[in-house]
Amino acid sequence: MDEERVIIPIGPQHPALKEPMNFMLKVEGEKVLEAIPNLGYNHRGIEKAATVRTYIQNLYLAERICGICSIAHVQCYAQGVEKLLEMEIPPRAQYVRLILSELNRLHSHLLWVGVAAHEIGFDTLFMYLWRDREIVMDTLELITGNRVSYGFTMLGGVRRDISPDMAARVKKEMKTVRDRTQYYKKMSSNERSILKRTQGVGILKPQDALALCACGPTLRASNIKWDVRREDPYLAYNEIPFNVVTSDGCDVLSRMIVHYDEVIEATNIIEYALDHMPSGSFREKVTRRIPAGEVVSRVEAPRGEDIHYIKSNGTDKPERFKVRAPTLGNIPAVCKMLSDSYIADVPIILAGIDPCFSCTDRVTFVKGEMGKGWIWTQEELRRYANRWYQQR
Amino acid sequence: MEHELLRNLRKKVATEKYPFIKKKPPEGLRGKLIIDMAKCIGCGLCVFDCPAGAIEMIGKGTAADLKVYLDRCHFCGQCAESCPSKCIVYSTEFELANFDKKNLTIEFKRKL
Amino acid sequence: MVPAEIIEFLSVLIYPGFIFIFTLAFFYEWVDRKFVARLQNRYGPLYAGPGGILQPFADFIKLLAKEDITPRAADKTTFRVTPILMLALALSTLFFIPTAYTTAVSWFEGDLIFVTFLVSILVLITLIAAWSSTSTFSTVGGIRVVLQMLGFEIPMTIVMVGPAIVSKTLSITNIALWQYTTGHYFAIYQPIGLIVLIICLLAEIKKAPFDIPEAESELAAGWITEFSGRKLALIRLTTDVELILAGALVTALFLGGPTGPFGIPSVIFFLIKTTGVILVISNLRALFARFRIDQMLGGFWKYLVPLALLQIILVTLGVG
Amino acid sequence: MVETKESKTGLLERLRNSIPQEWILSLKAPEPRRIFLSVKREHFKEAMTKMLKDEEITHLSTITGVDLGEEIEVIYHLDKSGTILSVKTTTPKSQPTLPTVTDLIPGAPLYEREVHELLGVAFDGHPDLSRLVLPEGWPPGLYPLRREISIENIRSALEKAKEEKKVG
Amino acid sequence: MNVVKWARSKSPWIIHFNTGSCNGCDIEVVAALTPKFDLERFGVLLKGSPRHADVIVVTGPVTNQVKERLKRVYEQMPSPKFVMAIGTCACSGGVFKDCYNLCQGVDKVIPVDIYVPGCAASPEAIIDGAAKLLKKISG
């Protein structure tokens with residue numbers, strides 16, 4: 001055992017991680033030699049629970065896989081079940097869902113940039129971003145009536161329609177959000193103290209990003225143009241013009257820029273969709289029993305590719321419901337970024353992948369897959385951690 | 001950034017003085033649920049569809065009473081969706097904080 | 001006739017001693033919090049007293065009344081003594097800087113050097129406090145405190161010498177008085193020195209962007225992680241006293257101390273000037289992201305030390 | 001071999017031509033951009049290697065394990081420019097083992113661990129499949145996603161494990 | 001004695017603990033601290049160390065994995081300490097009622113002082129809960 005090396009446990013209760021997760025950092029001075037993730041604190045067993053519930057009940061369970069990307073998960077699930085039913089939801093419902101998905105992305109991205117600012121100790125920016133995020137929350141409240149769990153996406157459509165009044169207000173708000181975001185983007189890419197903390201930090205090279213199966217903004221910030229909305233269009237995404245934003249910095253700063261750009265892009269999408277909404281019904285009746293079959297469904301959640309696999313056996317309950325949330329896909333990448341960084345950079349790097357462990361942990365456990373050069377065994381590490389906590 | 005700070009110094013504070021000044025709840029906010037027992041036909045669909053098991057049925061059919069556990073309710077609105085006689089309504093009352101869990105159970109009894 | 005000893009005793013105890021300083025400490029914490037909140041477009045403390053002015057006092061009383069835990073792994077004696085020692089040190093430093101009157105409670109030729117010394121000791125005690133709690137977060141926090149000191153100590157001392165050279169005295173009180181009598185305020189004649197001193201003091205009192213030892217998102221609460229109850233109350237009070245210390249030092253060395261025209265009591269000038277300094281500090285706190293320890297050290301050595309030296313060279317050349 | 005709809009990219013055609021018939025159990029594209037390919041267990045690794053190389057696939061979305069009763073089906077969801085290629089293979093439930101794909105896809109270890117932990121499939125050649133940690137005190141050999149395990153089973157097993165710990 | 005009660009009710013420092021929630025309540029807790037709602041009006045500060053906190057804000061249905069940690073964090077807090085269960089999951093487990101890895105609510109592990117149901121409990125509901133709790137503390 002090397003005495004000079006200190007192990008800092010980050011988590012499970014730690015302010016840098018809004019959710020419980022455990023990272024063991026092996027440090028030497030201020031340098032991190034290695035990071036070992038330990039998920040599972042948020043494991044609830046949703047996949048098992050889904051198999052004893054009806055498809056309707058699972059709608060709400062899927063929404064609560066994650067409170068931030070609730071629309072994305074429920075959209076992915078509903079889309080899968082609708083495919084099993086071989087039905088097309090009405091075009092108007094598709095647009096309403098699309099608008100909701102983008103609003104979801106807006107609030108999630110603004111939230112993330114705020115959290116990132118907090119991690120680098122820039123609380124003022126955090127406060128401003130969250131203040132402006134409330135505009136988006138108000139919009140969501142206006143459309144759905146609720147702030148976080150909307151209960152809005154139903155099998156076969158949506159629960160409520162967007163009235164012209166609402167549309168006008170949403171459009172007005174989108175302009176404000178876009179202006180503010182443009183300002184923040186300009187500010188963030190010029191403010192010296194932000195640049196110092198984010199530029200060249202948490203490098204993920206394009207080839208590593210591909211090899212480690214990263215997804216979402218993390219991948220796009222490594223200059224790889226890959227977006228489920230473009231590659232595998234769902235809803236009405238193939239009817240709407242939008243750009244897949246990339247940035248070639250491969251560091252935290254470019255992740256920030258990608259988030260800002262996606263916010264701007266999302267406001268444009270919402271405005272376009274509101275202008276081009278087809279008329280007609282917004283909901284269709286759906287039977288309770290779903291025909292047997294299997295389906296893989298995926299959407300671009302705010303954090304990246306979200307993929308659901310549903311297997312049905314012809315009853316009103318699914319036989320297997322599998323969720324892969326984007327954060328899990330980005331964990332190997334974040335371990336790569338963490339090695340050889342500074343302790344002070346750990347929070348921002350961790351935050352850099354926009355982690356959402358509640359999505360991730362619904363079934364998964366990770367425990368130190370970075371074995372190389374590690375002088376402690378897993379067992380020793382665990383014992384050390386236990387001892388450390390007992391002393392407190 | 002300094003400019004933005006000074007601008008905010010002049011601007012009105014964004015805070016709403018919530019518990020003292022209350023704003024109108026948005027339309028469609030799902031708060032505490034209310035069941036109109038006069039309309040209830042006792043079909044039990046709400047109990048069947050509730051994802052959290054927050055509604056309990058005491059007795060059977062048209063004579064049944066309903067018990068709602070607000071500490072389990074997720075305010076998802078599925079019961080109101082499923083109810084064939086549309087007797088479940090969500091009020092906009094969301095200030096439900098309570099010191100005792102028992103107070104969060106509401107019973108809806110039929111008037112005889 | 002009240003004996004002189006009693007007057008001296010009372011001046012240490014009440015005015016401008018402990019009670020005055022504590023009240024001022026709470027007031028300045030409130031000013032700081034309120035101003036930062038306002039910059040962030042929110043209210044900040046609001047319901048404890050008018051405008052939340054009693055908030056720091058409420059925090060203090062609450063902490064005093066809380067359970068005081070000493071972790072089993074901690075070095076008990078050191079752990080208990082250090083918070084008291086810190087407060088005592090911060091207070092005694094303040095007695096050498098003019099606050100309520102134009103002269104400090106105690107002063108002698110050379111107290112400028114003594115104050116620099118006390119400030120360094122304060123930092124070292126912080127390290128001991130952090131070390132004695134033996135948790136990983138505190139230890140790393142404590143190491144960062146000292147690393148940070150390596151950065152700010154040198155430029156701070158250098159720029160503090162600037163006014164001393166010109167006014168040809170090593171006493172803070174005399175420097176302040178000299179400025180008033182000659183009308184030669186160093187804030188105007190040595191602006192570089194003023195800026196460097198404010199930045200160094202920011203690091204000294206561990207406020208953002210140099211709150212590296214307490215970085216919440218990296219190290220829980222850094223070196224104070226393990227302190228609770230009364231000890232935490234004392235530590236918080238120390239931080240507030242240090243805030244006054246920073247304000248008073250800048251006021252005395254560069255703004256002429258608690259002096260002013262029209263025969264208005266000097267304490268009024270002191271309050272106005274220090275509040276000004278503290279508003280500047282709060283503004284800086286809201287303006288920047290936290291630096292990384294290596295960036296902070298590098299920055300201090302690369303930019304602040306040369307700047308401080310430049311100021312001294314200018315002073316010796318007769319400019320300033 | 002069933003085929004309902006043609007895939008847009010022509011991937012289906014290429015797969016049909018490149019992979020030997022005797023390796024394949026079924027190959028279908030039920031809807032655009034979704035391909036399900038079922039491979040015999042003994043040829044799984046070969047097929048996987050060949051496909052990844054021929055089609056230059058790098059992205060593995062996830063690995064799903066499904067308990068079919070007698071067998072456990074493991075599905076690898078690969079992405080080829082917008083088309084999800086789901087490669088299925090099965091392994092007997094009595095002794096579930098499969099070759100690892102971590103040497104082909106560096107991003108796969110987590111997914112394999114997940115399947116290992118929740119369904120008990122052992123992956124040969126995986127660098128670190130040691131004890132996977134459900135909460136501390138999780139009874140060994142209890143795989144929550146297996147069909148015969150009900151939630152009540154798990155609860156009672158957990159209770160039992162807790163009591164044993166107390167006694168021991 | 002009244003001064004102490006007053007001080008306590010004016011200065012509740014919170015520590016936020018996520019015990020496996022869906023993040024919905026967590027973002028709402030954080031949102032309650034930001035300009036629009038600004039809990040600091042009540043003297044609330046978010047603290048990183050349990051040693052500094054008076055109120056532990058628990059969100060989530062308490063997974064088996066996190067149960068021990070929750071207990072430990074609760075024990076590390078100096079008394080008097082208060083527990084707020086935010087959100088329906090923290091109150092009873094709610095929609096996760098038959099997930100196998102849960103304790104079904106915070107009160108199964110540590111005593112709860114106030115329950116704030118809601119999914120997710122909106123910042124207003126959280127402030128309402130906090131105000132009720134503070135009223136109780138001040139007696």
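Sequence lines set the chain letters: A, B, ... in the order given, protein chains first and strands last, and positions in each chain run from 1.
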Inset, instruction - Inspect the contact between A:E82 and A:R97 and indicate whether a charged nitrogen and a carboxylate oxygen are less than 4.0 angstrom apart. - result: yes

For [X], which atoms come within 4.5 Å of any heavy atom of chain B: side chain, backbone, both, or neither?
| X | answer |
| --- | --- |
| A:Y150 | backbone |
| A:D132 | neither |
| A:R147 | neither |
| A:L61 | neither |
| A:S149 | backbone |
| A:E191 | side chain |
| A:Y55 | neither |

Legend entry - Validation row: B:C43, B:P84 side chains within 4.5 angstrom (heavy atoms):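 When only atoms from C-beta onward are counted, B:P84 and B:C43 do touch, with a gap below 4.5 Å.
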
Inset, instruction - Could you tell me whether the side chain of A:I143 reaches within less than 4.5 Å of the side chain of A:L103, counting heavy atoms only? - result: yes

Legend entry - B:Q78 and A:Y60: side chain donor to acceptor below 3.5 Å: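 Side-chain D/A pair, B:Q78 to A:Y60: present.
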
Inset, instruction - Heavy-atom distances under 4.5 Å only: say whether B:S82 touches chain A with side chain, backbone, both or neither. - result: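 Side chain of B:S82 only, per the 4.5 Å heavy-atom cut-off to chain A.
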
Inset, instruction - Counting only heavy atoms closer than 4.5 Å, note whether B:F48 contacts chain A via side chain, backbone, both or neither. - result: both

Inset, instruction - With a 4.5 Å cut-off on heavy-atom pairs, point out which of A:R159, A:E134, A:R160 contacts chain B the most. - result: A:R159

Inset, instruction - Taking all non-hydrogen atoms of both residues into account, name the closest pair between A:L253 and A:S188 and its distance. - result: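 Where A:L253 meets A:S188 most closely, the heavy atoms are CD1-O, 4.3 Å.
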
Legend entry - For the student: nearest non-hydrogen atoms of A:I270 and A:I99, plus distance: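 Between these two residues, the closest heavy atoms are CG2-CG2, 4.1 Å.
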
Inset, instruction - Rounded to the nearest 0.5 Å, what's the gap from CG on A:L155 to OH on A:Y77? Could you check? - result: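 Output value for this atom pair is 6.0 Å.
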
